[in-house]
Colleague: 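I am attaching a structure below and will ask some questions about it afterwards.
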Amino acid sequence: MIAGTLVLLSISPARACDADSVITLFETKVHASQLIRLKYQKQTHSLLFGERKSESGTLWLGPPKRYKVDSPTQTVTRGADTLWVYTPATHQVTLRVGNLDSLEFGPAGFFGSLRADFFPVDCGPDTTGSDILWKIRLAARTETAPIQRLTLWVDPATHWARVAEYVDYNEETSRLTLTDYHTDVTVAKDPFTFVYPHGVERIVLPNSPARHDNAGTGD
């Protein structure tokens, strides 16, 4: 009888799962912090290309919209209205200004625009490893959205998303494992303003007018 009681107590937080309430708890957690740093691992499967090489790195968040994704192959930095993508292998930086919300979904995408881009479908308990998490399924609000389906596994104790899985309009599925959240981060410089490496080639993408007041600094 005692063992049965312990099992009920362990799953009771997940049983009380309401999609709208869980989303509110998660968003409150995100927006309560000015700067968040965490680790991510990304696995992607494509119907056309099969399994892609896994990716891992560090994610910086400046709610609601700013972020920086650091991986060994690429650095993606979004400021207020500017997006920089630096690829060390080509020693190039691409720059886009404005209309950033329409860009491809990535490791940081759902943190700042969950309710704007998706509506909840359902919520229920699910086991990940030895943990019972809230599993929330969401669908895109528009048929033309880059991401059509999103599933989040949220920790009932911390309210952080531990896993995110999304499917784009090409039926490519990506799964993110999110760990090592830190909100007590101190940095010497703003991580959401890109500093150009010396001698890098700068490319302004089409339909993105170059702006000097918000286009980063550096040599």
Side-chain angles (χ1 to χ4, degrees), residues 30-46 48-49 51-114 116-117 146-147 160-161 164 166 168 170 172 174-219:
V30 171
H31 293 289
S33 305
Q34 292 185 337
L35 183 62
I36 305 167
R37 186 188 67 206
L38 64 145
K39 301 291 186 182
Y40 77 91
Q41 184 175 36
K42 180 180 178 182
Q43 296 174 311
T44 301
H45 176 78
S46 169
L48 292 176
F49 305 106
E51 296 289 337
R52 297 194 177 186
K53 186 178 180 180
S54 63
E55 170 191 324
S56 60
T58 302
L59 177 61
W60 298 80
L61 300 170
K65 296 289 187 178
R66 298 179 303 158
Y67 61 79
K68 180 179 181 179
V69 184
D70 256 332
S71 73
T73 59
Q74 198 172 66
T75 297
V76 181
T77 306
R78 173 172 175 170
D81 63 351
T82 307
L83 184 77
W84 299 270
V85 179
Y86 171 50
T87 306
T90 61
H91 207 49
Q92 292 178 333
V93 175
T94 59
L95 169 67
R96 184 189 295 270
V97 178
N99 197 29
L100 302 184
D101 293 339
S102 64
L103 298 181
E104 182 181 354
F105 197 87
F110 68 87
F111 279 93
S113 58
L114 197 58
D117 296 338
I147 297 303
W160 288 123
Y166 52 88
D168 67 15
N170 292 318
E172 182 171 280
S174 296
R175 185 179 179 91
L176 299 169
T177 302
L178 307 167
T179 60
D180 201 22
Y181 282 86
H182 289 278
T183 58
D184 55 346
V185 185
T186 57
V187 292
K189 59 183 180 180
D190 179 10
F192 310 113
T193 298
F194 184 77
V195 178
Y196 289 95
H198 178 70
V200 74
E201 181 183 4
R202 310 182 189 191
I203 301 172
V204 179
L205 295 180
N207 303 320
S208 299
R211 285 179 51 183
H212 301 292
D213 62 333
N214 199 26
T217 60
D219 296 331

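Remember, it's a predicted structure, so these values are computed and weren't measured experimentally.
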Colleague: Is any side-chain heavy atom of E55 less than 4.5 Å from a side-chain heavy atom of Q74?
Modeller: no

Colleague: Could you work out, with side chain to side chain contact (heavy atoms under 4.5 Å, CB included) as the rule, every residue matching H45, not counting sequence neighbours?
Modeller: E51

Colleague: Decide side-chain contact (heavy atoms from CB on, under 4.5 Å) for L38 and W160; before the verdict, give the C-alpha distance in whole Å, the side-chain angles of both, and the deciding distance to 0.1 Å.
Modeller: CA-CA 11 Å; L38 64 145; W160 288 123; over 6 Å; no

Colleague: Can you name the side chain to side chain donor-acceptor pair (under 3.5 Å) partners of H182, sequence neighbours left out?
Modeller: D180

Colleague: Quick check: closest heavy atoms across T87 and T73, and the distance to 0.1 Å?
Modeller: CG2-O, 3.8 Å

Colleague: Quick one: list whatever passes side chain to side chain contact (heavy atoms under 4.5 Å, CB included) with E201, sequence neighbours left out.
Modeller: Q92, I203

Colleague: Which atoms form the tightest heavy-atom contact between P88 and P72, and what is the distance?
Modeller: CG-O, 4.5 Å

Colleague: If I take atom CG from residue L35 and atom CG from residue L61, how far apart are they, to the nearest 0.5 angstrom?
Modeller: 8.5 Å

Colleague: Checking Y86 now: which residues fulfil side chain to side chain donor-acceptor pair (under 3.5 Å) with it, not counting sequence neighbours?
Modeller: none

Colleague: Considering all heavy atoms of both residues, which atom of G62 and which atom of F192 are nearest to each other, and what is their separation?
Modeller: N-CZ, 3.3 Å

Colleague: Please round to the nearest 0.5 Å and tell me the distance separating atom CG of L205 and atom CG of L83.
Modeller: 8.5 Å

Colleague: For a 4.5 angstrom cut-off between non-hydrogen side-chain atoms, does I147 reach D117?
Modeller: no

Colleague: Just by distance, with hydrogens left out, do T58 and K39 show a side-chain donor and acceptor under 3.5 Å apart?
Modeller: yes

Colleague: Looking only at heavy atoms, what is the nearest atom pair of S174 and K42, with distance?
Modeller: OG-CE, 3.7 Å

Colleague: For F110 versus A161, what's the shortest heavy-atom pair and its separation?
Modeller: CE1-CB, 4.2 Å

Colleague: Using salt bridge (charged side-chain N to carboxylate O under 4.0 Å, His left out) as the criterion, list what pairs up with R37, not counting sequence neighbours.
Modeller: none

Colleague: Roughly how far, to the nearest 0.5 Å, is the CG atom of D70 from the OH atom of Y40?
Modeller: 8.0 Å

Colleague: Shortest non-hydrogen contact from H198 to H91?
Modeller: O-NE2, 3.3 Å

Colleague: So V76 and F194, side-chain contact (heavy atoms from CB on, under 4.5 Å) or not? Walk me through it.
Modeller: CA-CA 9 Å; V76 181; F194 184 77; over 6 Å; no

Colleague: Under the side chain to side chain contact (heavy atoms under 4.5 Å, CB included) test, which residues partner N170, sequence neighbours left out?
Modeller: D168

Colleague: Measuring from L176:CG to T44:OG1, what's the distance to the nearest 0.5 Å?
Modeller: 7.5 Å

Colleague: Could you state the interatomic distance from OG1 (T177) to CD (Q43), rounded to the nearest 0.5 Å?
Modeller: 6.5 Å

Colleague: Rounded to the nearest 0.5 Å, what separates atom CZ in R66 from atom CZ in F111?
Modeller: 15.5 Å

